[in-house]
Amino acid sequence: MKIKNICCIGAGYVGGPTMAVIALKCKDILVNVVDINLERINAWNNKDLTMLPIYEPGLDQIIKKCRNKNLFFSNDLNTGIKNADMIFISVNTPTKSQGIGAGEASDLRWIELSARQIAENSTGHTIVVEKSTLPVRTAETIKNILESQNKTGKNKGETTFSVLSNPEFLAEGTAINNLINPDRVLIGGDDDVAIDKLGSIYERWINPKKIIKTNLWSSELSKLTANAFLAQRVSSINSISAICESSGANIKEVTKAIGMDSRIGANFLQSGPGFGGSCFKKDILNIIYLCNFYGLNEVADYWSSVLKINRWQQKRISKTIIEKLFNTIAGKKISILGFAYKANTNDTRESPAISIAKDLLNEDALLAIYDPKVSAKQITKDLDSKQLNEKQIFNKNSGWYLSKSINETFNGADAIIILTDWEEFKKLNLKEISNLMRKPAWIFDTRNLIDLEKEDLYGINIWSLGNT
Ligand code: NAD
Ligand code: UDX
């Protein structure tokens, strides 16, 4: 039987774009994306495409083409599940904040809830696909819940399930391109018929040679490993950026020299304020938990050091800023360029900007934040403090506010900190900026966006990561 109806539980950064691309490429399949968060569903259904809940280049055009044709967003989980031949689970799997494994293990409550909802509402045979990133052997838990319901639940003996792992490798900001032209698609499972059915969906637009089939546990572990390796590269190059600053080497030159070695490769070698995003830290913590569980303590320590360098990189940036500004930033206006953890997304989860801004606020600075896509509501949540009103800003009270324009942030500022690699920060007019800032003025460029060889700094001091 061909797959005609897909349901995706979870309308987030993975569920939304992934299902939009499946709907775009498979016009004959009805795709229902369901979520318990009504506000998010309403935003997905908003006629104004600038109000979609996530910003991802190219996504709005796909939504425009497919929404309410073969792509639907709803909070009616039961109906979505009941009608589906194939159900993707794309719910969040954050690190546990309390209880056994707190700070390391994934919190699987939303996965379990989804499995129970599927068990209660599905009919006939259903292929259940793990799209969320999960600890190794989670598929066993999902199978267990589904099978128990079949023995005792309301549809007793009438429902059957196949569970597959199909981790997602998209990166935010490039998600649509990653989904349309993936390096590979990974499907783990032991039911060949189900694997072929899922594979045949991807084969509509992806070369079958790129579709890899493995057992369930290899698939789950491969996803964690890919993220751990990527994060490790970022920590490695960030550790070298500190050596550059101390030794007189230049990080851009070192990166170019090592990146040209085909065994190392040039990608993912950009030093910066540390990796953010909802995945790297969480997935490494997951590996650490797994290692400790299996008694592999040395392996756990190895991966812990990747996280340690990431924290240290953020702390040393805050410390450098305070030191360069005469060890006091109380009442000083500091322009923060970028709050998202990377360019082309409105996502701020684990953004280095959060910890750096908090460090500066602890020293009583006045932060003028500018980000083209992040809302004041999100920053309020992240910094756990309300933005200042106009009178407080005028009086240079300590706190933060979201600037409406980038130029406003420079007005009277003592320092600019470039934290996100947004395209528009690569074209700053330093002459104009120098006229607006209070002297001595500083730029802290944590992304190496300003070309020190070519740019005239018009009297502004610069600290560029990985340079003396
Ligand atoms: P997200 O927080 O943006 O979205 C998850 C959604 O699931 C939320 O809207 C939430 O309301 C919904 N949800 C939770 N429980 C539910 C339930 N029982 N029923 C219906 N809806 C429910 O998360 P995300 O960034 O999309 O990540 C989802 C998963 O994909 C995670 O496991 C993550 O590790 C993985 N992943 C994320 C990325 C990424 O770039 N964000 C990339 C690859 C993999
Ligand atoms: C990551 C993985 O790349 C993706 O495959 C997985 O599915 C989800 O997690 P994402 O977190 O969205 O994707 O973005 P990514 O491009 O990997 O960047 C993660 C962080 O590392 C960002 O904060 C980014 O600024 C930083 N980074 C990345 C660097 O500092 N230097 C680099 O060279 C690359």
Side-chain angles (χ1 to χ4, degrees), residues 7-19 33-41 43-44 53-54 56 73-78 80-81 87-95 106-118 130-135 138 166-175 178-179 182-183 223-224 226-231 233-238 241 255 259 265-283 286 310 313-314 338 340-345 347-353 419-422 446-448 465:
C7 174
C8 174
I9 306 180
Y13 283 86
V14 167
T18 310
M19 291 304 123
V33 190
V34 294
D35 202 297
I36 38 176
N37 181 339
L38 185 58
E39 197 184 332
R40 216 168 208 187
I41 289 297
W44 280 111
I54 68 172
E56 193 58 58
F73 293 92
S74 145
N75 70 333
D76 182 358
L77 271 80
N78 294 356
I81 292 170
I87 300 174
F88 288 81
I89 304 180
S90 288
V91 300
N92 37 323
T93 50
T95 306
S106 282
D107 190 340
L108 295 179
R109 73 179 79 180
W110 295 279
I111 291 287
E112 179 167 340
L113 192 61
S114 303
R116 290 186 186 280
Q117 278 161 315
I118 295 171
E130 296 176 345
K131 193 46 119 176
S132 297
T133 306
L134 294 169
T138 306
N166 174 219
E168 185 47 62
F169 294 99
L170 68 80
E172 289 177 29
T174 52
N178 299 151
L179 287 162
D183 288 340
K223 173 63 201 177
L224 297 179
N227 273 353
F229 268 58
L230 291 168
R233 264 174 92 91
V234 176
S235 277
S236 296
I237 201 66
N238 283 342
S241 73
T255 301
N267 291 329
F268 246 79
L269 278 184
Q270 178 68 45
S271 61
F275 55 77
S278 62
C279 296
F280 283 178
K281 182 175 158 195
K282 161 176 80 72
D283 294 349
N286 223 312
N310 200 51
Q313 182 80 342
Q314 292 171 24
Y341 74 95
K342 62 184 284 198
N344 293 320
T345 179
D347 197 345
T348 62
R349 288 177 288 181
E350 299 293 336
S351 177
L419 287 177
T420 312
D421 46 347
W422 284 103
T446 72
R447 296 277 185 175
N448 297 136
L465 186 86

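Atoms within each ligand, like the ligands themselves, are counted from 1 in listed order. In what follows, every heavy atom counts, from backbone to side chain, and hydrogens, waters and symmetry copies are set aside.
- The closest protein non-hydrogen atom to atom 43 (C) of ligand 1 is Glu168 O, 3.2 Å.
- Taking every heavy atom of Ser90 and a limit of under 4.0 angstrom, the matching atoms of ligand 1 come to 5 (C), 28 (C).
- Phe280 CE1, 3.5 Å is the protein heavy atom nearest to atom 19 (C) of ligand 2.
- In terms of protein heavy-atom proximity, atom 15 (N) of ligand 1 is closest to Trp110 CD1, 3.2 Å.
- Here the heavy atom of the protein found nearest to atom 23 (O) of ligand 2 is Gly276 N, 2.9 Å.
- For Lys342, the NZ atom sits in a packed shell: over 12 heavy atoms of surrounding residues, nucleotides or ligands are nearer than 6.0 Å.
- When only interatomic distances are considered, the shortest N/O to N/O separation between Gly277 and ligand 2 does not fall below 3.5 Å.
- No N or O atom of Cys279 sits closer than 3.5 Å to an N or O atom of ligand 2.
- Near Leu269, with a cut-off below 4.0 Å to any heavy atom, the atoms of ligand 2 are 33 (O).
- With a 4.0 Å cut-off on non-hydrogen atoms, Leu230 touches ligand 2 through its side chain and not its backbone.
- Under a 4.0 Å criterion applied to the non-hydrogen atoms of Thr93, ligand 1 contributes the atoms 31 (C), 32 (O), 34 (O).
- Nearest-residue assignment for atom 14 (C) of ligand 1 (options Asp347, Asn92, Leu38; heavy-atom criterion): Asn92.
- Phe169 is not listed as a side-chain neighbour of Asn178, based on a closest heavy-atom distance of 4.5 Å or more.
- An N or O contact shorter than 3.5 Å is missing between Lys223 and ligand 1 by distance.
- Interface atoms of ligand 1 facing Leu77, defined by a heavy-atom separation under 4.0 Å, are 19 (N), 20 (C).
- Closest to atom 21 (N) of ligand 1, if we only count protein heavy atoms, is Ile36 N, 3.4 Å.
- Residue contact check: Glu168 has heavy atoms under 4.0 Å from atoms 7 (O) of ligand 2.
- Side-chain atoms of Glu168 do not come within 3.5 Å of backbone N or O of Ser132 as any donor-acceptor pair.
- A salt bridge between Arg349 and Glu172 is present, with a side-chain N of the basic residue lying under 4.0 Å from a carboxylate O of the acidic one.
- When the heavy-atom distances from atom 28 (C) of ligand 2 to Tyr13, Tyr341, Phe275, Phe268 are ranked, the shortest goes to Phe268.
- Which parts of ligand 1 touch Arg349 is read off a 4.0 Å heavy-atom cut-off, strictly below it: atoms 1 (P), 2 (O), 3 (O), 23 (O), 25 (O), 41 (N).
- With respect to atom 27 (N) of ligand 2, the closest heavy atom belonging to the protein is Val234 CG2, 3.9 Å.
- Panel note: side chain Thr345, backbone Gly173; no donor-acceptor pair is recorded below 3.5 Å.
- Of the protein's non-hydrogen atoms, Asn227 OD1, 3.5 Å is the one closest to atom 2 (C) of ligand 2.
- Listed by number with element, the atoms of ligand 1 under 4.0 angstrom from any heavy atom of Ser114 are 18 (N).
- Ranking protein heavy atoms by distance to atom 18 (N) of ligand 1, first place goes to Gln117 OE1, 3.3 Å.
- In terms of protein heavy atoms, atom 4 (C) of ligand 2 is closest to Leu170 O, 3.3 Å.
- Among protein heavy atoms, atom 34 (O) of ligand 1 sits closest to Lys282 NZ, 2.5 Å.
- When the heavy-atom distances from atom 6 (C) of ligand 2 to Lys223, Arg349, Lys282, Glu350 are ranked, the shortest goes to Lys223.
- Among all protein heavy atoms, the one lying closest to atom 14 (O) of ligand 2 is Lys342 NZ, 3.1 Å.
- For atom 1 (P) of ligand 1, the nearest protein heavy atom (residue, atom name, distance) is Arg40 NH1, 3.6 Å.
- Backbone and side-chain nitrogen or oxygen atoms of Val14 are examined, and one is located within less than 3.5 angstrom of a nitrogen or oxygen of ligand 1.
- Remark: ligand 1 atoms within the under-4.0 Å shell around heavy atoms of Tyr13 are 3 (O), 24 (P), 25 (O), 26 (O), 41 (N).
- The aromatic rings of Phe280 and Phe275 lie perpendicular to each other, with more than 60° between the two planes, well past the 30° mark.
- At under 3.5 Å, a nitrogen or oxygen of Thr133, whether backbone or side chain, sits near a nitrogen or oxygen of ligand 1.
- Residue Lys131 places no N or O, backbone or side chain, under 3.5 Å from any N or O of ligand 1.
- Between the side chain of Thr95 and the main chain of Lys282, no donor-acceptor pair closer than 3.5 Å is present.
- Not one N or O on the side chain of Asp35 forms a donor-acceptor pair closer than 3.5 Å with the backbone of Ile41.
- Ligand-side atoms of ligand 1 in range of Ser278: 41 (N), range being under 4.0 angstrom from any heavy atom.
- Every atom of ligand 2 is numbered from 1 in the order shown, and the set under 4.0 Å from a heavy atom of Glu172 is 12 (O).
- At the shortest separation from atom 6 (C) of ligand 1 among protein heavy atoms lies Asp35 OD2, 3.5 Å.
- Across Ile9, Asn227, Leu224, heavy-atom proximity to atom 20 (C) of ligand 1 is greatest for Ile9.
- For a threshold of 3.5 Å applied to N or O pairs, the pair formed by Asn37 and ligand 1 contains no separation below that value.
- Contact annotation: Ala171 has at least one heavy atom less than 4.0 Å from an atom of ligand 2.
- With atom 25 (O) of ligand 2 as the reference point, the heavy atom nearest to it among Lys281, Gln270, Arg447 is part of Arg447.
- When each of Cys7, Cys8, Ser114 is paired with Ile87, the side-chain contact (heavy atoms from CB on, under 4.5 Å) condition holds for Cys7 and for no other.
- Nearest-heavy-atom check against atom 13 (N) of ligand 1 across Val91, Val34, Asn75, Ile89 picks out Val91.
- Shown in contact with Glu172 at under 4.0 Å from a heavy atom are these atoms of ligand 1, numbered in order with element: 39 (C), 40 (O), 41 (N).
- Taking both residues in full, the closest heavy atoms of Asn286 and Leu224 are given as CB-CD2, 4.2 Å, listed atom of the first, atom of the second, then distance.
- For atom 5 (O) of ligand 2, the closest non-hydrogen atom of the protein is Phe169 O, 2.7 Å.
- Put simply, no part of Arg233 is less than 4.0 Å from ligand 2, judged by heavy atoms.
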